[in-house]
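If you're wondering where the values come from, they're calculated on a predicted model, not measured in any experiment.
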Amino acid sequence: MELRQRLVVGTLWIGVAALIASTLFPISSISVGAAARLFVVVLALFLAGIYLFDPWGVLDRQPFH
């Protein structure tokens, strides 16, 4: 994957995390729905980190070629 493509996808994941995180803050108590939204925020930030930094070289491998 090229650097420009990785930057676009990573930025999109950060946008998803920000959008979901904006629904978290008026929480009076932790509910199942809030915990699920928090999980989605963490997952989106993890995916953004994978696309932006590619720490294990996963995106450079092409298993189907």
Side-chain angles (χ1 to χ4, degrees):
M1 210 172 189
E2 293 180 17
L3 178 62
R4 184 175 178 181
Q5 292 172 332
R6 289 177 28 201
L7 288 175
V8 168
V9 174
T11 304
L12 286 173
W13 278 118
I14 290 172
V16 167
L19 184 66
I20 300 297
S22 69
T23 66
L24 280 175
F25 289 108
I27 297 175
S28 59
S29 65
I30 298 294
S31 64
V32 174
R37 286 187 296 221
L38 184 61
F39 174 74
V40 170
V41 168
V42 170
L43 180 63
L45 289 174
F46 172 75
L47 289 172
I50 293 295
Y51 277 99
L52 291 175
F53 302 116
D54 194 17
W56 302 290
V58 175
L59 300 175
D60 292 332
R61 295 183 207 153
Q62 296 180 355
F64 300 112
H65 285 104

J.: Shared ILVMFWY cluster between V9 and F53, side chains joined below 4.5 angstrom?
T.: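 They do not share one cluster, since no chain of ILVMFWY contacts under 4.5 Å joins V9 to F53.
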J.: Can you give me the closest heavy-atom contact between A48 and W13, atom names plus distance?
T.: CB-CB, 3.7 Å
J.: In the single-linkage hydrophobic clustering (I, L, V, M, F, W, Y; side-chain heavy atoms under 4.5 Å), do L45 and V40 co-cluster?
T.: yes
J.: Decide whether F46 and V58 are clustered together by the hydrophobic rule: side chain heavy atoms of Ile, Leu, Val, Met, Phe, Trp, Tyr closer than 4.5 Å, transitively.
T.: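 Hydrophobic grouping puts F46 with V58.
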J.: Run the side chain to side chain contact (heavy atoms under 4.5 Å, CB included) test against L38 and tell me which residues pass, sequence neighbours left out.
T.: L24
J.: Apply side chain to side chain contact (heavy atoms under 4.5 Å, CB included) to V32 and list each qualifying residue two or more places apart in sequence or on a separate chain.
T.: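 Applying side chain to side chain contact (heavy atoms under 4.5 Å, CB included) to V32 gives none.
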J.: Can you see which heavy atom on D54 is nearest to which on R6, and at what distance?
T.: CB-NH2, 3.7 Å
J.: So how far is it from S31 OG to R37 CZ, rounded to the nearest 0.5 Å?
T.: 6.0 Å
J.: Check whether any side-chain heavy atom of Y51 lies under 4.5 Å from a side-chain heavy atom of V8, and answer yes or no.
T.: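 Sidechains of V8 and Y51: no contact.
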J.: For the residue pair V41 and A17, what are the closest heavy atoms and their distance?
T.: CG2-O, 3.8 Å
J.: Any link between L47 and V16 through a network of hydrophobic side chains (Ile, Leu, Val, Met, Phe, Trp, Tyr) touching at under 4.5 Å?
T.: yes
J.: As an exercise, state the distance from CG of L3 to CG of L52, rounded to the nearest 0.5 Å.
T.: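 Atom-to-atom, L3:CG and L52:CG are 9.0 Å apart.
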